[in-house]
Amino acid sequence: MTGGADLDELSVIGIECWGHHGVFEHERRDGQLFVIDLTLGVDVAPAGASDDLRDTIDYGSVVGEVTTVVEGEPVDLIETLATRIADVCLLDARVEWARVTVHKPDAPIEARFADVQLTITRHRPPTSHGKGEADDE
């Protein structure tokens with residue numbers, strides 16, 4: 001694969017999920033809406049040439065995995081939630097980086113506001129071309 005600047009971007013915007021994340025007891029108990037935006041850095045040239053789903057990212061499957069994370073084990077912080085979502089996206093070796101935005105439109109804030117959102121970008125760790133096995137610590 002070529003360098004990150006040459007990658008294509010696959011985005012899925014506005015994935016709505018119900019989760020029980022937050023630091024307050026009522027957030028954990030009652031849950032609330034979370035909206036997720038994803039952009040994945042991928043090379044779609046193989047799929048463009050073959051027209052075969054096996055040569056690209058199945059975004060339906062990615063959305064299912066993201067939904068499972070958001071609707072799964074509660075965490076206190078949207079920073080943790082965003083990191084877990086990015087980690088799931090990077091499980092597919094064709095994804096070089098993932099940009100994840102977590103929207104928490106019903107955050108418990110005592111003011112009028114439109115949205116709370118956090119965006120993170122995580123890159124696939126560089127592969128080791130050394131011995132082939134990690135040293136024991």
Any salt bridge (Lys or Arg N to Asp or Glu O under 4.0 Å) pairs touching residues 98-121, not counting sequence neighbours?
-> E27-K104
Do other residues, nucleotides or ligands put more than 12 heavy atoms under 6.0 Å from the CZ atom of R54?
-> no
In Å, rounded to the nearest 0.5 Å, how long is the span from CD of E96 to CG of D6?
-> 11.5 Å
Straight-line distance of T67 OG1 to I85 CD1, nearest 0.5 Å | 9.0 Å
Set of ring pair (Phe, Tyr, Trp, His ring centres under 6.0 Å) partners for H103, sequence neighbours left out = none
When rounded to the nearest 0.5 angstrom, what is the spacing between CD1 in I57 and CG in D92?
-> 3.5 Å
Only counting residues at least two apart or in another chain, list the ones meeting ring pair (Phe, Tyr, Trp, His ring centres under 6.0 Å) with F24.
-> H26
Pairs meeting criterion ring-ring contact (aromatic ring centres under 6.0 Å, His included) with involvement of residues 52-80, two or more places apart = none
Side chain to side chain contact (heavy atoms under 4.5 Å, CB included) involving V75 - partner list, sequence neighbours excluded | H21, T80, L81, R84
ILVMFWY cluster membership beyond L91 - transitive side-chain contacts under 4.5 angstrom = none
For residues 12-20, tabulate all N or O donor-acceptor pairs below 3.5 Å that involve a side-chain atom, not counting sequence neighbours.
| unit_1 | atom_1 | unit_2 | atom_2 | d |
| --- | --- | --- | --- | --- |
| W18 | NE1 | D30 | O | 3.4 |
| H20 | ND1 | R28 | O | 2.8 |
| H20 | ND1 | G31 | N | 3.3 |

Roughly how far apart are D43 CG and D8 CG, rounded to 0.5 Å?
-> 6.0 Å
Counterpart residues, side-chain hydrogen bond (donor to acceptor under 3.5 Å, both in side chains), relative to T39 (two or more places apart) | S11
Sequence neighbours left out, what passes side chain to side chain contact (heavy atoms under 4.5 Å, CB included) with D51? Give chain and number order.
-> none
Closest non-hydrogen atom pair, R122 against T83 | NH2-OG1, 4.1 Å
Quick one: side chain to side chain contact (heavy atoms under 4.5 Å, CB included) partners of I109, sequence neighbours excluded?
-> A107, A111, F113, V116
Under the side-chain contact (heavy atoms from CB on, under 4.5 Å) rule, what do F34 and E71 come out as? Steps first, then yes or no, please.
-> CA-CA 9 Å; F34 291 84; E71 295 177 352; over 6 Å; no
Which residues satisfy the side-chain hydrogen bond (donor to acceptor under 3.5 Å, both in side chains) test with T56, sequence neighbours excluded?
-> none
If you take all heavy atoms of L40 and A98, which pair is closest and at what distance?
-> CD2-CB, 3.8 Å
Roughly how far, to the nearest 0.5 Å, is the CD1 atom of I36 from the SG atom of C89?
-> 10.0 Å
Going hydrophobic residue to hydrophobic residue with side-chain gaps under 4.5 angstrom, can you get from V35 over to I78?
-> no
Residues forming a side chain to side chain contact (heavy atoms under 4.5 Å, CB included) with T68, sequence neighbours excluded = none
Is it the case that one hydrophobic cluster holds both L118 and V88, taking links as side-chain heavy atoms less than 4.5 Å apart, direct or via other members?
-> yes
